[in-house]
Amino acid sequence: RTSPDRRYLKSPDLDRSRFVRGYDFVRGNDLPYDRNGHGTFVAGVIAQSTNNGIGLAGVAYRARIMPIRVLDYEGKGDVATIARGIRLAARRGAQVINMSFEFGAGINSCGKVKGICAAIKFAHKKRALVVAAAGNSNGAPVAYPAGAPHAIGIGRTTKDACLANDSRTGTGLDLV
């Protein structure tokens, strides 16, 4: 069995031409392989091809993906690394920056993640749309970084287009 740290997960529906140069801040190299699987899943939802008989069609199936890895295979990272990733994506011209992670309940203001909030503001000034997960536990408040100014907080729906029971609600939930 391959250890999670060396595993390279990929989607058969996303070929190399769909990617632009990214960066792996965890390992400090130009090979931002997804060792967790979540980033690959999200990239597929966004940019999988259409009409090719494989999987689903992405919501922006002509989009190109710039993989910036800031979390390790367990989904752990730090504020400074995440901020550096946001800034790099913005400097390289990303139009949309996706952050499908949340901080715990103790992080409920920009004062506790100043570097990330400053990086989101920087990306906003570079005309990048920053979207972030509102959180996966019921109730307010929306988790950070989704609750930060200039971030679009994204919640989850059910198959019937209703707000899911495990989606955060309240101020900062912009879209489901």
Rounded at 0.5 Å granularity, tell me how far [atom1] in [X] sits from [atom2] in [Y].
X    : Y    : atom1 : atom2 : result
I116 : C110 : CD1   : SG    : 9.0 Å
I107 : K112 : CD1   : NZ    : 6.0 Å
L163 : R168 : CG    : CZ    : 12.5 Å
R92  : M66  : CZ    : CE    : 6.5 Å
I82  : I68  : CD1   : CD1   : 13.0 Å
M99  : Y144 : CE    : OH    : 12.0 Å

Look at the rings of F41 and H38 and say which category their plane angle falls in: under 30° parallel, 30 to 60° tilted, over 60° perpendicular.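 Aromatic pair F41/H38 classed tilted.
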Evaluate side-chain contact (heavy atoms from CB on, under 4.5 Å) for L129 paired with V131, printing each intermediate quantity in order. CA-CA 6 Å; L129 177 68; V131 297; 4.2 Å; yes
With a 4.0 Å cut-off on N to O distance, would you call R156 and D166 a salt bridge?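 A salt bridge links R156 with D166.
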salt_bridge(D24, R35) N-O dist < 4.0 Å: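 Judged by the 4.0 Å cut-off on N to carboxylate O distance, D24 and R35 do form a salt bridge.
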Linked, directly or transitively: [X] and [Y] (ILVMFWY side chains, under 4.5 Å):
X    : Y    : result
L88  : Y33  : no
V26  : I65  : no
V130 : V142 : no
V79  : F101 : yes
I86  : F103 : yes

Close side-chain approach of R69 to R27, heavy-atom, < 4.5 Å: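 The answer is yes; the side chains approach within 4.5 Å.
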Beyond-backbone contact of E74 with N36, side-chain heavy atoms, under 4.5 angstrom: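 Not in contact.
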Indicate the atoms forming the closest heavy-atom contact of [X] with [Y], along with that distance.
X    : Y    : value
I120 : A148 : CD1-CB, 4.0 Å
A164 : T158 : CA-CG2, 3.9 Å
I46  : A63  : CG2-CB, 4.5 Å
I97  : A123 : CD1-CB, 3.8 Å
P145 : A151 : O-CB, 3.5 Å
A83  : A119 : O-CB, 3.6 Å

Compute whether any side-chain donor of one residue and acceptor of the other, for S17 and R64, lie under 3.5 angstrom apart.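 No pair is found: no donor N or O on one side chain lies under 3.5 Å from an acceptor on the other.
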Can the positive tip of R87 be found less than 6.0 Å from the middle of the six-membered ring of F122, inside 45° of the ring normal?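 Positive - R87 is close enough to the ring of F122 and near enough to its axis.
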Would you indicate whether N51, at its atom CG, is surrounded by more than 12 heavy atoms from other residues, nucleotides or ligands within a distance under 6.0 Å?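 Result for CG/N51: open.
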Give a yes or no on whether the backbone of G153 and the side-chain of D174 come within a donor-acceptor separation of less than 3.5 Å.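 Checking the backbone N and O of G153 against the side chain of D174, a donor-acceptor pair under 3.5 Å is found.
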Are the side chain of D160 and the backbone of C162 linked by a donor-acceptor contact shorter than 3.5 Å?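 No: the side chain of D160 does not pair with the backbone of C162.
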Determine, stepwise, if the pair S49 / R18 fulfils side-chain contact (heavy atoms from CB on, under 4.5 Å). CA-CA 9 Å; S49 299; R18 303 304 298 279; 3.2 Å; yes
